[in-house]
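What you see below is based on every heavy atom in this structure, not just the backbone, and it leaves out hydrogens, waters and symmetry mates. All values reported here derive from a predicted model rather than from experimental measurement. Residue numbers start from 1 in every chain, and the chains themselves are labelled A, B, ... in the order their sequence lines are given, proteins ahead of strands.
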2 protein chains.
Amino acid sequence: MSLIDTEVMRGLNTQGALSHENKALLLGLELTPRYMSASEVLWQEREDTDQFCVVKEGWAYSYRNLKNGSKQIFNFYLPGDIIGIRDFGFTRRLTSVAMINKGVICPFSYQQLFELFGRSSLAVGIVATATRQQAQLSERLIYLGKYSAYEQLTHFLYEIYLRLKRIKAVENNSFFMPLTQELISDALGMSSVHVSRTFSMLREEGLVIRKRQHVMLPDPEALARLVEFNDSYIDEFLPPSFSELLKS
Amino acid sequence: MSLIDTEVMRGLNTQGALSHENKALLLGLELTPRYMSASEVLWQEREDTDQFCVVKEGWAYSYRNLKNGSKQIFNFYLPGDIIGIRDFGFTRRLTSVAMINKGVICPFSYQQLFELFGRSSLAVGIVATATRQQAQLSERLIYLGKYSAYEQLTHFLYEIYLRLKRIKAVENNSFFMPLTQELISDALGMSSVHVSRTFSMLREEGLVIRKRQHVMLPDPEALARLVEFNDSYIDEFLPPSFSELLKS
DNA sequence: TCACCAAGCTAACGTAGGTTATGAATTATA
DNA sequence: TATAATTCATAACCTACGTTAGCTTGGTGA
């Protein structure tokens, strides 16, 4: 998997926005795959930052261990996602990142990206990726602040569903989700007991059927209606002016 | 105020990182000031995106009105902050932005920025700004998720204090903060009643003295210790490699 | 100076969700 | 196949915070 296969670049590409030159630059970034075992740590908070990673297989997550013993998860990374943009512009990692299940990641250095910046307009793609991730976090912020656990979990599941659908990892409204309820609770800022309770509610209502790591949403749109999902931050293409720039 | 006077660019500048050429480019962005009255709206959610703004005077905030009638505030913008980076890469605004008190803002178009991208390495500065804002949000996420209202408010006040100190708006541990308790409650995701309760606690403990829009923190470091404040996302300079790039 | 209104304080009461605990189901390891 | 370790479900109890309400304070304008 090369950088061109990541979410944003793929989006650019399908719009025919990338010039041959820019494509060549992206493909030129040699991405040597690294095989990761489950719960293997990519990096720890406060380590020096020197690289991004593209997830090729498996799921990963960024988190911070808090002084009170609990853990806050910021983001889950699915295949095609770029990890580490958050730390771009800082000398040290702001969060730790670890694999959830086993998988494959492809690291590439900041240095390589700098060289791109100097030679091409691809920077906008990176900026766009960064803002997209920020937008995802912002949506989470809303649900943390103002909605009940029921609505939070609904929103979370629907977001995962949409992201997996984008990478063709949903079949018959079913998908593989290697998350324990404890991981979910760390992401949503609630207790794992309450995650369980809330899953029970969703199950009784027939909205979510879950068997371990296998999730089925009989009627995904019903979930979306429950939370009035704002999917522009996931689905939207780049504005036309971006495409123009990238063709040059 | 030109773009060069914004937080990140100022940081770059004081490190001697900006080449003459890049400085000239930044200064060339004519920023015509616009005088804003209190609670005037800069833009609404879903409007077309076409510009950033630099806050010259006054405070502003980004927010979204929720279907349940409440409001979630994402960010407060102080003088020197750039508003609108969040929307860069999207065709429509993700949040509304309004002034809190009266002030002055300087808009500049995305188009102008694109031209910079094509001609210089300044993109890294923008990326860095975007990631810094993201980092701020991430910290808020932690406090929303895992900490009590007391700790949240403490963290919030200390963050404002630090940001104001950076722009020399703190004197004798005192500063001007034009926020009502209701605005704070919308930002922290709690009720305004509970914000008041929590302020009372902080007052009784002698940690925060507040008279309307005037705040004094007799011992700021005491607050920092309470929340183990991670200030790297506010204070840290850019990594050396960025500076190198920007000199060219 | 008075009237008005927004902002803030405090109290009383209700509830969503935290905590602790126990047991069942599932997976991993020997 | 037995044993241990996770993961999940459900119950009982508790608390931080939301909600509603009534009062005080301070700023603003005629």
Starting at [atom1] of [X] and ending at [atom2] of [N], how long is that distance when rounded to a whole Å?
| X | N | atom1 | atom2 | result |
| --- | --- | --- | --- | --- |
| A:L153 | C:dG17 | CG | C1' | 14 Å |
| B:H194 | D:dT20 | NE2 | P | 17 Å |
| A:L202 | D:dC8 | CG | C1' | 15 Å |
| B:Q213 | C:dA6 | CD | C1' | 12 Å |
| A:Q152 | C:dG17 | CD | C1' | 11 Å |
| B:I100 | C:dA7 | CD1 | P | 12 Å |
| A:L183 | D:dT6 | CG | P | 14 Å |
| A:L144 | C:dG17 | CG | P | 12 Å |

If you find the nucleotide of DNA chain C closest to B:E182 and the one closest to A:V195, which residue's nucleotide is nearer the 5' end?
B:E182
Specify the residue among B:T180 and A:Y147 whose closest nucleotide of DNA chain C lies further upstream toward the 5′ end.
B:T180
Ion pair present between A:R64 and B:E139, side-chain N to carboxylate O less than 4.0 angstrom?
yes
Residue-phosphate contact under 4.0 Å: [X] side-chain N/O, [N] OP1/OP2:
| X | N | value |
| --- | --- | --- |
| B:Q181 | C:dC9 | yes |
| A:S196 | D:dA9 | yes |
| B:S192 | C:dG8 | no |
| A:R210 | D:dC8 | yes |

Checking all strands, does B:S191 fall into the base, sugar-phosphate, or nothing category for heavy-atom contacts under 4.0 angstrom?
base
Can you say whether a donor on the side chain of B:R197 sits under 3.5 Å from an acceptor on the base of C:dG8, or the other way round?
no
Under 3.5 Å, is there a donor on one side chain and an acceptor on the other for [X] and [Y]?
| X | Y | answer |
| --- | --- | --- |
| B:K71 | B:Y61 | yes |
| A:S174 | A:N172 | no |
| B:S185 | B:E182 | no |
| B:S200 | B:R197 | no |

Out of [options], which has the shortest distance to the side chain of [X]?
| X | options | result |
| --- | --- | --- |
| B:S200 | C:dT10, D:dG26, C:dT19 | C:dT10 |
| A:R212 | C:dC9, C:dT27, C:dG18 | C:dT27 |
| B:V193 | D:dT10, C:dC9, D:dT20 | D:dT20 |

Does A:R210 make a cation-pi contact with A:F199 (under 6.0 Å, within 45 degrees of the axis)?
yes
Begin from the C-alpha positions of A:D186 and A:Q72 and carry the test side chain to side chain contact (heavy atoms under 4.5 Å, CB included) through to its verdict.
CA-CA 5 Å; A:D186 285 336; A:Q72 176 69 46; over 6 Å; no
Dot-bracket pairing map - DNA chain D, Watson-Crick plus G-U, both contacts under 3.5 Å, | cross-strand:
||||||||||||||||||||||||||||||
So do the side chains of B:E221 and B:R225 get within less than 4.5 Å of each other, counting heavy atoms only?
yes
